[in-house]
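Read through the structure below, which is laid out as structure tokens, and then see the notes.
Sequence lines set the chain letters: A, B, ... in the order given, protein chains first and strands last, and positions in each chain run from 1.
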Number of protein chains: 2
Amino acid sequence: MLTDERHAIILSLLNDAGIVKTQELMRVLDCSESTIRRDLDQLEKANKLKRVHGGAKRLYQLNQELSTQEKSLKNIQEKTNIGKFAASLIENDDVIFIDAGTTTLALIDSLKKGNITVVTNGIQHASILAEHHIQTILLGGKIKASTKAIVGSTSLNELKSYQFDKAFIGINGIDIEFGCTTPDPEEAAIKKLAIHQSAVSYCLADETKWNKVNFVKVCDLQDVTILTNKSRVDLTSFKEKTTIMGATS
Amino acid sequence: MLTDERHAIILSLLNDAGIVKTQELMRVLDCSESTIRRDLDQLEKANKLKRVHGGAKRLYQLNQELSTQEKSLKNIQEKTNIGKFAASLIENDDVIFIDAGTTTLALIDSLKKGNITVVTNGIQHASILAEHHIQTILLGGKIKASTKAIVGSTSLNELKSYQFDKAFIGINGIDIEFGCTTPDPEEAAIKKLAIHQSAVSYCLADETKWNKVNFVKVCDLQDVTILTNKSRVDLTSFKEKTTIMGATS
DNA sequence: GACGTTATGATTGTTTTTGACTGATATTGA
DNA sequence: TCAATATCAGTCAAAAACAATCATAACGTC
């Protein structure tokens, strides 16, 4: 096998894997350790790769760590659709509340720039909103480690002094009998109060939330407008008690 | 498996989880404890992570957070040292205030687990603290987009109701005549009040802050203890007006 | 075929990496 | 608090990978 041929193969392998081992190359190229070593030497001098003990690696790590979100693509898609629909409900000069949670995060991604004021209890939400130069007020108080949501009496007191045009609430369970429920009492208190302080309230709920019941009740179905992906759930039984607005699928 | 390969996997795991355990890495990478320990050592020296008892934790993303002029390794090293020293001042059962800013971020990286309560106006600070399961209270209020700090009347009112054992303040300028100064009036108000509400206050200041004057005065030099890297600055002229504690270099 | 050039594989001794072991230090649970 | 346990840093020898050298093989040119 020609030298150039081997070099091409080595670079191609590197491009795929990001890292190659000497032993591996000996097998693939069927030649001695010395030859591989010489090849790597030359390629390094030509600035084509970086030698490391045991093999070589690419010069520039292209695939900078993408955090492996374990969420299924379908679920992301659905959340995005609901978020997009929710964002379309927001008008200029609105003062809105955005609850912590992943579904409401999707809403933020779809938010258009405009003269709105957002109050939220989600740390990540606030951070992203501020980056987008949207006027943002974060509630103060204890941080719940698992969800990075602000909860507790301080935040409730603060919340009492605000009045919202619209509130967007994330919810964990929707049931025709037990209404909207969520597992954490402190988060439930925030949701409850936010709904109370708002002229109109929307609950964002993807497919996975329907016909589930959680520990603490937040509100009855008739207290809010449910935003969902209507094609996915049979809603006939909910119709009488609920106002449902479907997100585009 | 190659060293670089292991390092990449460790960093990737860290990026996802925020924290990795030695035992877990031994299983995943199929190698001995010694090897993992060496890997973590090297990655810590390269400022890629922070070792903790039992494993390692993620460092705040310095490259993203620091402005280009602050990115030099020396500067990071110095911030780390000051942060380490500041962390050593914290005792069990303390209630402390941590100001927003990059120097105080370094303090958080060195915080040991323990029964402490932290109040902060830095969104990122709060987020990291919560991840490490440290009892955290975030001040509520407007978000200043550029520094991701909470400011404004709401936060000041909230702050008034707290009393701290220690306050750790970031500062932009230290001058023998004009004292501690910072560019933003709203952030200055927070710093001022935090110092007032605390039994003891420390100003964290790396080399770049000395003999600089900014727009708004926060306090006189005698009101606080300056934490710095004493070898780097000629402090003789400051001695009479200032309490200075040097960080280990 | 003789000759110089280049590529290859084997061999050498050196350096790096690794896992096991040691006693020291930190954490945990009673 | 104390003792039990887990994790730590440091040392060591074995194993793997290394650079350097040499002799042989392949190639092209005359």
Side-chain angles (χ1 to χ4, degrees), chain A residues 1-11 13-14 17-59 145, chain B residues 1-11 13-14 17-59 80-81 84-85 87-94 109-116 129 131-135 248:
Chain A
M1 179 170 321
L2 263 51
T3 306
D4 285 350
E5 213 172 330
R6 280 199 316 277
H7 286 195
I9 293 173
I10 291 173
L11 290 177
L13 285 172
L14 249 190
I19 198 160
V20 288
K21 293 164 196 160
T22 308
Q23 295 299 325
E24 177 187 312
L25 292 175
M26 283 168 64
R27 254 186 299 112
V28 173
L29 301 176
D30 188 36
C31 58
S32 74
E33 197 180 316
S34 301
T35 301
I36 300 294
R37 190 154 283 117
R38 271 185 287 257
D39 286 342
L40 295 182
D41 250 353
Q42 291 157 11
L43 287 168
E44 182 173 43
K45 286 207 178 74
N47 225 13
K48 297 288 181 59
L49 53 74
K50 165 95 182 139
R51 287 191 70 183
V52 294
H53 195 94
K57 67 175 180 183
R58 241 196 320 240
L59 280 176
Chain B
M1 170 147 0
L2 267 53
T3 307
D4 283 58
E5 215 173 346
R6 283 198 314 276
H7 286 193
I9 293 173
I10 291 173
L11 290 178
L13 286 172
L14 254 187
I19 193 156
V20 288
K21 301 190 178 91
T22 308
Q23 296 298 328
E24 175 188 319
L25 292 175
M26 284 169 63
R27 253 187 299 111
V28 173
L29 301 176
D30 189 35
C31 59
S32 74
E33 195 180 319
S34 301
T35 300
I36 299 294
R37 207 173 296 293
R38 270 185 290 255
D39 285 342
L40 296 182
D41 251 353
Q42 291 159 10
L43 288 169
E44 182 173 44
K45 286 210 178 74
N47 261 311
K48 298 289 182 60
L49 53 75
K50 165 91 186 162
R51 287 191 70 183
V52 295
H53 195 92
K57 66 179 179 181
R58 183 170 43 196
L59 228 41
T80 306
N81 284 333
K84 208 177 288 181
F85 186 79
S88 73
L89 300 170
I90 297 168
E91 294 160 293
N92 225 14
D93 298 324
D94 270 355
D109 278 335
S110 296
L111 264 187
K112 282 169 197 62
K113 227 182 271 176
N115 183 31
I116 62 169
L129 287 164
E131 268 174 31
H132 289 83
H133 297 92
I134 291 169
Q135 173 115 319
T248 55

Gap between atoms [atom1] and [atom2], on [X] and [N] respectively (whole Å):
X       : N      : atom1 : atom2 : result
A:Arg37 : C:dG9  : CZ    : C1'   : 12 Å
B:Arg51 : C:dT25 : CZ    : P     : 16 Å
B:Asp39 : C:dT18 : CG    : P     : 7 Å
A:Leu2  : D:dG28 : CG    : P     : 10 Å
B:Glu5  : D:dA16 : CD    : P     : 17 Å
B:Asp30 : C:dG19 : CG    : P     : 8 Å
B:Glu33 : D:dT5  : CD    : P     : 17 Å
A:Asp41 : D:dA20 : CG    : P     : 8 Å

If I take atom [atom1] from residue [X] and atom [atom2] from residue [Y], how far apart are they, to the nearest 0.5 angstrom?
X       : Y       : atom1 : atom2 : result
A:Lys21 : B:Glu5  : NZ    : CD    : 4.0 Å
B:Leu89 : B:Asp94 : CG    : CG    : 9.5 Å
B:Leu59 : B:Arg51 : CG    : CZ    : 14.0 Å
B:Arg27 : B:Ile36 : CZ    : CD1   : 11.0 Å
B:Lys48 : B:Asp39 : NZ    : CG    : 12.0 Å
A:His7  : A:Ile9  : NE2   : CD1   : 11.0 Å

Measure from the side-chain N and O atoms of [X] to the backbone N and O of [Y], and report whether any donor-acceptor pair falls under 3.5 Å.
X       : Y        : answer
B:Lys57 : B:Asp109 : yes
B:Asn92 : B:Asn115 : yes
B:Arg6  : B:Met1   : yes

Inset, instruction - Check every atom of D:dC18, C:dG19, D:dA20 against the side chain of A:His53 and return the nucleotide holding the closest atom. - result: D:dC18
Legend entry - Check: C:dA20 base within 3.5 Å donor-acceptor of B:Ser34 side chain: yes
Legend entry - C:dG19 base / B:Arg38 side chain donor-acceptor hit below 3.5 Å: yes
Legend entry - Terminal helix-axis angle for the helix from C:dG1-D:dC30 to C:dA30-D:dT1, with five pairs defining each axis and rounding to 10 degrees: 40°
Legend entry - Pair A:His53-B:Thr3, side chain to side chain contact (heavy atoms under 4.5 Å, CB included): steps then yes or no: CA-CA 8 Å; A:His53 195 94; B:Thr3 307; 5.7 Å; no
Legend entry - Which residue lies more 5' along DNA chain D, comparing A:Gly54 with B:Gly55 via nearest heavy atoms: B:Gly55
Legend entry - Phosphate OP1/OP2 of C:dA7 contacted by A:Arg6 side-chain N/O (<4.0 Å): no
Inset, instruction - Under 4.0 Å from any atom of DNA chain C, heavy atoms only: list the residues of residues 17-25 of chain B that qualify, in numerical order. - result: none
Inset, instruction - Just call it for B:Met26: base, sugar-phosphate, or nothing, with non-hydrogen atoms closer than 4.0 Å on any strand. - result: nothing
Inset, instruction - Tell me what B:Thr35 touches on the nucleic acid: a base, only sugar-phosphate, or nothing, going by heavy atoms under 4.0 Å. - result: sugar-phosphate
